[in-house]
Every structure is written in structure tokens, then in C-alpha cells.
Amino acid sequence: MKKRCFLLHWLSCLFLLPSVQAQVTFQQIPGLAFFDNQGYLNGVSWVDVDNDHDLDICVTGAGGTFPNFTNISAIFLNNGNETFTNTGLLTSAQKNPMRHGWADYDNDDDLDLYIGSTWNSNGINELWTNNAGSGFTLTPNTGATPNVSQPYEGTVSWADYNNDGWADLFIPRWNDLKNKLYRNNGNGTFSEITAGALVNDLAWTSGGFWGDFDSDRDQDLYVVNYQIGASTPGNNDLYRNNGDGTFTKITNAGPVVTLQQNGRSANWVDVNNDGRLDLFVCNQFGQDQLHLNNGDGTFTMKSIGATNHTSWSSNWGDYDNDGDQDLITIGFWNTDSRFWQNDGQGNLTDITATHPNIFPLETNGSNSNGIVWVDYNRDGWLDLHITQPDQSPDRFFENETTNCRSWLEVKCIGIQSNHAAIGTTVRAKTLVGGQPVWQMRQVSAQTAATGTNPMLLHFGFDDAVVIDSLVVEWPSGATCYFTQFPVNQIVDIREDCSVEVTQSAPELPGSLQELVLCMPTDTVLQLSTGAPAGGLWQADCGNCVDQSGMFQAAGLAAGEYLVQYLQGSSICGASRDSFRITLVQQPVITADADTLEVDAGAEITLGADGAATYLWNPADGLNCTDCPDPVFTADSSIVYMVSGTDSNGCPALPDQVVIQVKPEPMFNMPNAFTPNGDGKNDTFGPAYEGNIFTRFNLKVYTRWGELIFDSNSPSELWKGTIGDKQLPSDVYVYVFDYQLINGNKGQEKGDVTLLR
């Protein structure tokens with residue numbers, strides 16, 4: 001079993017491998033479920049059908065012989081353990097299905113499938129709607145639908161050409177027929193576009209390939225023609241998107257649109273890392289051509305390979321993770337397939353002989369049909385899938401490289417843009433060999449004639465330890481900028497610039513420190529590491545740390561932040577010291593009550609929460625001062641301040657409790673009163689303050705024992721009358737029965753003098 005430097009065995013690779021780069025090797029993996037040796041596979045693609053973050057495979061093609069073809073199209077779901085299962089999700093009845101393409105045409109966040117038919121079976125193309133990975137529904141063949149006869153097995157291609165957020169469809173046609181462009185109406189229907197040269201030029205078209213060659217964020221279209229008229233080799237056509245739903249046919253771009261050959265397919269690629277899409281064209285009975293984008297609307301042509309060669313398809317991928325894309329061309333009609341190594345400047349070297357287990361394949365010459373670069377096991381290294389026609393078995397070659405070059409894989413998810421993010425450009429800058437190198441990739445729904453790479457963009461970065469800049473340019477016009485982005489991980493980036501890591505980068509050797517800062521008291525922290533100086537500080541909180549390791553918490557919200565010190569100029573010798581810093585929002589203590597009024601001598605329980613430790617001050621009258629619920633014995637009025645800390649030791653905002661102790665309830669009985677209406681001493685009863693009685697009964701008698709007044713309420717006192725009759729000045733007798741709020745009760749008897 002091979003070591004995987006970026007999975008479980010990273011650390012062992014770090015110490016066992018030399019820094020020089022080893023030869024990349026591929027090992028053929030036999031027996032995978034999607035292999036076919038019974039039929040003719042015309043289409044192959046790797047996509048995440050069920051959104052489980054691993055790549056599934058779709059094959060379209062037919063078994064049997066003409067005219068009695070048998071459909072062998074299928075979708076094989078990835079089980080997550082490098083095995084695959086045909087779950088019967090696809091039930092197409094086309095006799096001879098050909099090439100296919102994927103897009104999220106209904107923007108429900110799963111990829112839908114369009115299958116082209118073939119010229120010799122009178123088939124109808126089919127659009128299949130993905131039901132969240134649980135099955136596919138065939139859309140109607142009537143009404144506003146792209147389900148039409150093609151004919152021929154040309155490369156069907158999706159792109160949102162008018163940037164309305166919905167993926168549109170281009171269908172190439174053979175036999176000097178008009179090509180078709182269908183605009184997605186956004187409601188499950190399509191409208192055919194009939195105006196313009198793009199859909200009115202006549203040719204034998206092999207396929208259409210979308211790409212933003214002029215970097216204006218709309219999709220231009222390169223149409224590959226096999227021939228024009230009965231037998232004349234055709235020139236290919238480049239249609240520049242005008243940004244208003246129309247196209248201009250470019251005729252002055254150079255040989256890219258004037259050279260007459262039997263074109264079979266093309267693909268867009270930034271072959272020389274200058275930030276512009278170049279174009280590679282496969283030809284039959286001729287020489288393949290690489291057209292370098294000059295940035296002014298013209299291209300410079302470089303011929304690749306033999307002069308009398310047949311290449312049906314090609315595909316690009318950075319198989320050795322050295323920071324540039326390499327090329328494989330698929331030969332046909334008994335001509336060899338070729339493997340080309342890129343030097344990063346667009347110069348290609350034939351390295352076919354260094355991979356004899358791949359090329360030539362076991363048939364006479366090549367006779368291959370489709371090719372896909374795919375990191376099927378998510379180890380950061382591109383593997384190779386080659387399909388074969390007729391009874392020749394497919395081939396799958398696993399990349400066995402164990403050197404420690406860095407990489408990144410990005411899935412873009414549109415929000416305003418089409419949800420599959422077709423047409424989105426991702427640019428990445430790293431230091432390679434001490435020099436800054438920019439790379440760019442563009443999300444495409446077709447990367448080869450019969451095979452489609454995953455929409456998961458793969459970058460190789462050679463020995464870079466971090467991505468200095470990562471820029472995502474969306475068709476909507478939105479742009480996401482990231483700096484100091486980690487390598488060796490797989491991420492989803494949404495159009496709102498949020499990032500989800502679906503496979504984390506492995507840990508580099510180094511230390512981890514857990515730190516807590518209390519807000520707002522702690523705002524600055526000098527981080528220190530045992531690694532040598534000269535490394536790179538990076539953080540997930542933007543500019544919160546400078547290159548001296550000074551962490552600034554000001555302006556940050558409470559939460560957890562990761563700061564890292566990356567040391568080393570090569571990924572193979574790098575180390576990373578990490579600081580997980582938790583910013584704690586200042587806790588707030590809340591007392592159960594702000595103000596309490598209690599009777600003297602009473603005992604009450606106070607309370608507070610919001611902290612882990614508590615301190616009550618002063619200590620007077622409390623049975624404990626370091627508890628959340630001390631008992632207070634009422635003596636005199638007092639103000640308590642309760643403070644404390646949280647579980648991290650961060651000081652809390654304090655609270656206070658004001659306690660007012662009511663005096664002992666008291667009253668006295670006057671011995672005289674003067675009911676003369678002057679508002680002073682006009683009634684007779686107990687003199688007191690506050691509400692001190694729980695029981696009250698006052699009786700007044702004449703000196704001869706006649707009851708003349710009886711009240712059970714402190715608010716009803718004797719006015720010196722009996723009924724409405726005023727009584728004369730005299731001495732009267734009272735009896736007062738009572739109970740006080742403190743529980744004391746009793747009876748008072750005495751004389752009171754009424755004076756008039």
C-alpha cells in the first residue's frame with residue numbers, strides 16, 4: 001500500500017522523503033465497478049451527484065451492434081472507500097446515447113444531466129432532473145424543451161451565456177445543420193435562440209466549448225467544425241459574447257479561426273500561467289494546435305505532435321502538482337495517445353515513453369475514446385480515467401506519487417450566479433521556488449470531447465507552504481479575496497465568500513497553545529513561538545496579527561480564533577505553531593433584586609447569577625461572602641456589591657443590592673385629642689408610622705361603660721362623636737386590641753380626654 005503524504009502518513013513522508021521531486025508514477029487499478037468491456041462508452045464524467053463531497057461517475061454509451069444497440073448508461077455512486085455502486089439512478093431508454101453534460105439548470109443545488117443522442121439511431125436528446133441524488137426524472141420531450149434530435153455525438157455544453165443566473169445549453173449538429181442554443185427561462189423551460197451567426201452558420205460541428213477568453217466575466221464560445229460542406233475540412237469559429245445576450249463572430253483572431261482542419265474537440269486552459277485562457281484543438285488526420293492568447297483578441301498558434309495524427313479528445317490537469325497544467329491527447333484510428341509535460345511557460349515535452357504502462361494501451365495503437373483527470377480518492381493527486389470503445393476494457397490509473405508537493409481543490413457554489421458556478425474564475429498566487437506564480441482555473445461543464453473533469457478545480461503549488469492570494473471572480477460581478485489561504489485541503493467557496501472546509505489540511509509538526517483573552521480588559525497579546533524567526537504569521541481573523549506576532553483583539557467579536565506561525569520555505573520541511581485564542585465576552589452578574597425592604601431581625605436569602613465565582617462586599621450581616629446565595633440577617637440598612645469571575649477567570653460586571661431594614665413596629669396611645677376641625681389631633685387612635693398592624697380593634701366607652709365607638713381598621717379612628725352627634729368634653733375609656741406585623745400582639749386600656 002502506498003503512503004499518502006497528505007492523508008494519514010503525512011508526518012512519515014515528511015521525514016522519509018527527500019526534498020527533490022520523485023518521478024510521478026501511475027498504478028492501474030483493476031476491477032472498479034464502472035469499468036466496461038462490453039460496449040462503446042461515448043461519454044464519461046466525474047461529478048458529485050448526491051452532494052456527499054465525494055465524486056461519482058456517469059458513463060453514457062451503448063452495447064450490441066447496429067442497429068440493435070442496448071443502452072448501458074449508468075451512474076455509479078462513490079461509496080467513500082474507493083469503491084463504487086451502480087444504484088440504477090439513470091434509466092435512459094435511448095438506443096445509442098452519446099456524450100453528455102452536467103449543470104444545475106434548475107438551481108436547486110444538485111447537478112442535472114443532459115444526454116445527447118447519436119446520428120445513426122434517430123434518438124432524442126434527454127434532460128434528466130436530479131432529485132437530490134435519490135433518482136432522476138426525465139423532463140418532457142414536448143413544449144419549451146431542449147429534448148430534440150441532435151444529430152451526431154457532438155459535445156453538448158452548458159454555460160450561463162447571458163449571466164441571468166440560469167445555465168443555458170449549446171447543442172452541436174452534424175451534416176451541415178444549424179447548431180442550437182437554448183436559453184434557460186428559469187422556470188424549467190427553455191427558449192431556442194434563432195438569431196445570429198452562432199445558430200445559423202452551417203457546418204459539421206463536433207462540439208462547442210465555452211470559456212471567458214477576454215476576461216470580461218461572460219462566456220464566449222469556440223465551435224469546432226469537422227468539415228464545411230460535403231468534404232472540405234472546416235475552419236473553427238470563435239464567438240465573442242457581447243454581454244447583452246448576443247455574440248460577435250471573430251474572424252481576425254488568427255489561425256484559431258482560419259486554419260482548415262478536421263476538428264474533433266477543444267479545451268480552454270491557461271497553459272503558460274499568464275492569467276488568460278489559451279485554446280487547444282484536437283484534429284483528425286492532421287496536427288493538434290495550441291493557440292496562445294495574446295490578450296488583444298488574437299492568438300498565436302503552436303503546432304503540437306505529429307503532422308498526420310488523429311486526436312479525438314484531450315484533457316489538461318496538473319498531475320505532478322508543480323504549478324502548471326499538463327496534457328494528454330487521446331488518439332484514434334490506431335494512432336497513439338500522447339502525454340505532454342508542461343514547463344509552466346506553455347512549452348510541452350512528450351513524456352509518453354516514461355509511462356509505458358499507460359501508453360500505448362493494449363489495443364493496436366490507442367483507439368481510446370474518453371479521458372478524465374480526477375482526484376477520485378481525495379488525496380490531492382490527479383488520477384487518470386481512460387475509456388475504450390467496443391469490447392476493450394476501460395482503464396483507471398491511480399496517481400502513486402508520494403512527494404510532498406502542495407495542492408488545493410475548490411468547489412464554487414453560485415448564489416446570484418448559476419448555482420453550479422459555471423464560468424467562475426479562480427486565481428491563486430503562491431511562491432514557487434521563491435518566485436510568485438499566479439495560476440487560474442475556470443469552472444467548465446465540458447473539458448474534453450467525451451470526458452468531463454469534475455467541476456472541483458484542482459491546483460498544484462509545488463513546494464509552496466501557503467497560498468498568498470486566492471481570488472474568486474463570479475459571473476455576477478462579485479469577487480471574493482482571500483489571503484494566506486491554507487494549502488492541502490478541499491473547500492467549498494460560496495458566492496457570499498463563505499468557506500466550508502470539506503477536507504482539512506493535515507497537521508504539520510509544531511505546537512498548539514490554548515489562550516483566553518477577557519474582553520474588554522485584554523486587547524493585545526504578544527504571541528511567542530520556539531520556531532526560528534522569518535516565518536509567516538497568519539490568522540482566520542484577517543489583520544488581527546502582525547508579522548511580529550502581536551495579536552490585536554480590538555474590534556473582534558467574542559469567539560474562537562486560530563493564529564498560526566508557519567515556518568519553512570518548502571512544504572516538505574515546514575512546521576506550524578498554532579495558537580487557539582478564545583475571546584471571552586465580559587460576563588455580567590445579575591442580582592435577584594435591586595432593592596429589598598425587610599423587617600429588622602428578619603433573615604432573607606440573597607441571590608446572583610452570571611458568574612462562576614462570587615464576592616459580596618461588605619461582609620456585614622452575611623453568613624458567607626464567596627457564595628452566590630448568602631443569608632442576610634436584618635440589622636440596619638446596607639448596600640451590597642456582588643462581583644466575581646467566569647470559568648475562565650475573566651472579571652464580571654458587578655451588580656448591587658440595596659437593603660432597607662424597617663424599624664421595630666411601635667405605636668403609642670395619646671391621652672387627649674381636640675376634634676375642632678383644624679387638621680391637628682382631630683381623631684383618637686394609636687400613633688404610628690407605616691403599615692404595622694395585621695389586626696386592629698379600637699373600642700371607646702363612656703365612663704359609665706357605654707360603647708360609643710368600635711373600629712377594625714387603622715384608617716377609621718374616633719372623631720369624638722356617637723353617630724352624627726358630637727360628644728362634650730369629658731374623659732372617656734378605650735380598649736385597643738392589636739397584632740403587629742412582627743407577630744407581637746396585645747391589648748392597651750386607658751383614658752382619653754376629649755377637649756372642645
Side-chain angles (χ1 to χ4, degrees), residues 11 14 406 408 427-432 434-438 461 463-472 479-489 491 493 497-501 504-588 611-612 645-653:
L11 291 178
L14 179 64
S406 55
L408 177 72
R427 305 180 189 272
K429 185 185 77 170
T430 57
L431 286 177
V432 177
Q435 298 300 316
V437 175
W438 277 99
F461 297 121
D463 60 353
V465 295
V466 69
I467 303 168
D468 300 310
S469 299
L470 188 70
V471 182
V472 185
T479 303
C480 299
Y481 299 94
F482 306 94
T483 59
Q484 309 306 313
F485 203 87
V487 296
N488 299 343
Q489 60 178 349
V491 299
I493 300 180
C497 299
S498 61
V499 179
E500 177 187 359
V501 178
S504 300
E507 289 296 329
L508 292 172
S511 63
L512 173 64
Q513 297 183 46
E514 303 276 358
L515 304 170
V516 175
L517 294 183
C518 303
M519 301 173 64
T521 55
D522 298 330
T523 58
V524 180
L525 178 65
Q526 177 64 59
L527 303 176
S528 60
T529 172
L536 176 69
W537 287 94
Q538 56 186 131
D540 60 3
C541 46
N543 297 323
C544 60
V545 65
D546 63 21
Q547 289 309 303
S548 69
M550 185 68 70
F551 179 81
Q552 301 277 351
L556 297 179
E560 185 177 280
Y561 299 92
L562 184 65
V563 179
Q564 297 180 318
Y565 180 72
L566 193 61
Q567 205 281 330
S569 59
S570 169
I571 192 66
C572 283
S575 65
R576 180 184 287 122
D577 289 331
S578 300
F579 303 84
R580 187 176 292 118
I581 302 174
T582 302
L583 300 185
V584 178
Q585 182 64 49
Q586 185 171 24
V588 177
T645 63
D646 66 7
S647 58
N648 296 298
C650 296
L653 283 173

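Starting from 1, each residue takes its place in the sequence as its number.
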Legend entry - Closest contact, heavy atoms only, Pro486 versus Leu408: O-CD1, 4.0 Å
Inset, instruction - Would you give the length of the straight line joining atom SG of Cys650 to atom CG of Asn648, rounded to the nearest 0.5 angstrom? - result: 5.0 Å
Inset, instruction - Return the minimal non-hydrogen interatomic distance between Gln586 and Pro520, and the atom names on each side. - result: OE1-CD, 3.2 Å
Legend entry - Centroid separation Phe579 to Trp537 less than 6.0 Å: yes
Inset, instruction - Verify whether one side chain among Asn488 and Ser406 offers a donor that lies under 3.5 Å from an acceptor in the other. - result: no
Inset, instruction - Can you measure from CD1 (Ile581) to CD (Glu514) and round to the nearest 0.5 angstrom? - result: 10.5 Å
Legend entry - Non-hydrogen atoms of Asp646 and Pro587 that approach each other most closely: CB-CG, 3.8 Å
Inset, instruction - Taking the side chain as every heavy atom from C-beta outward, state whether Leu527 and Tyr565 have any pair of such atoms under 4.5 Å apart. - result: no
Legend entry - Atom pair CG/CE of Leu525 and Met550 - distance to nearest 0.5 Å: 8.5 Å
Inset, instruction - Would you indicate whether the side-chain heavy atoms of Leu515 and Phe551 approach each other to under 4.5 Å? - result: no
Inset, instruction - Determine the minimum heavy-atom distance between Asp577 and Gly530, stating which atoms define it. - result: OD2-N, 4.0 Å
Legend entry - Distance, nearest 0.5 Å, that separates OH of Tyr561 from CG of Leu583: 5.5 Å
Inset, instruction - Could you tell me the separation between the CZ atom of Phe485 and the CG atom of Asp468, rounded to the nearest 0.5 Å? - result: 13.0 Å
Inset, instruction - For residues Ile571 and Ala464, report the shortest heavy-atom separation together with the two atoms involved. - result: CB-O, 3.8 Å
Legend entry - Beyond-backbone contact of Ser469 with Trp438, side-chain heavy atoms, under 4.5 angstrom: yes
Inset, instruction - Specify the closest pair of heavy atoms between Gln552 and Val524, including all atoms of both residues, with the distance to one decimal. - result: OE1-CG2, 3.3 Å
Legend entry - The single option from Gln564, Gln484, Arg576 passing side-chain contact (heavy atoms from CB on, under 4.5 Å) against Val466: Gln484
Legend entry - Nearest-0.5 Å distance that lies between atom CG in Leu431 and atom CG in Leu536: 9.5 Å
Inset, instruction - Pick out which of Thr529, Leu562, Leu508 makes a side-chain contact (heavy atoms from CB on, under 4.5 Å) with Ser578. - result: Leu562
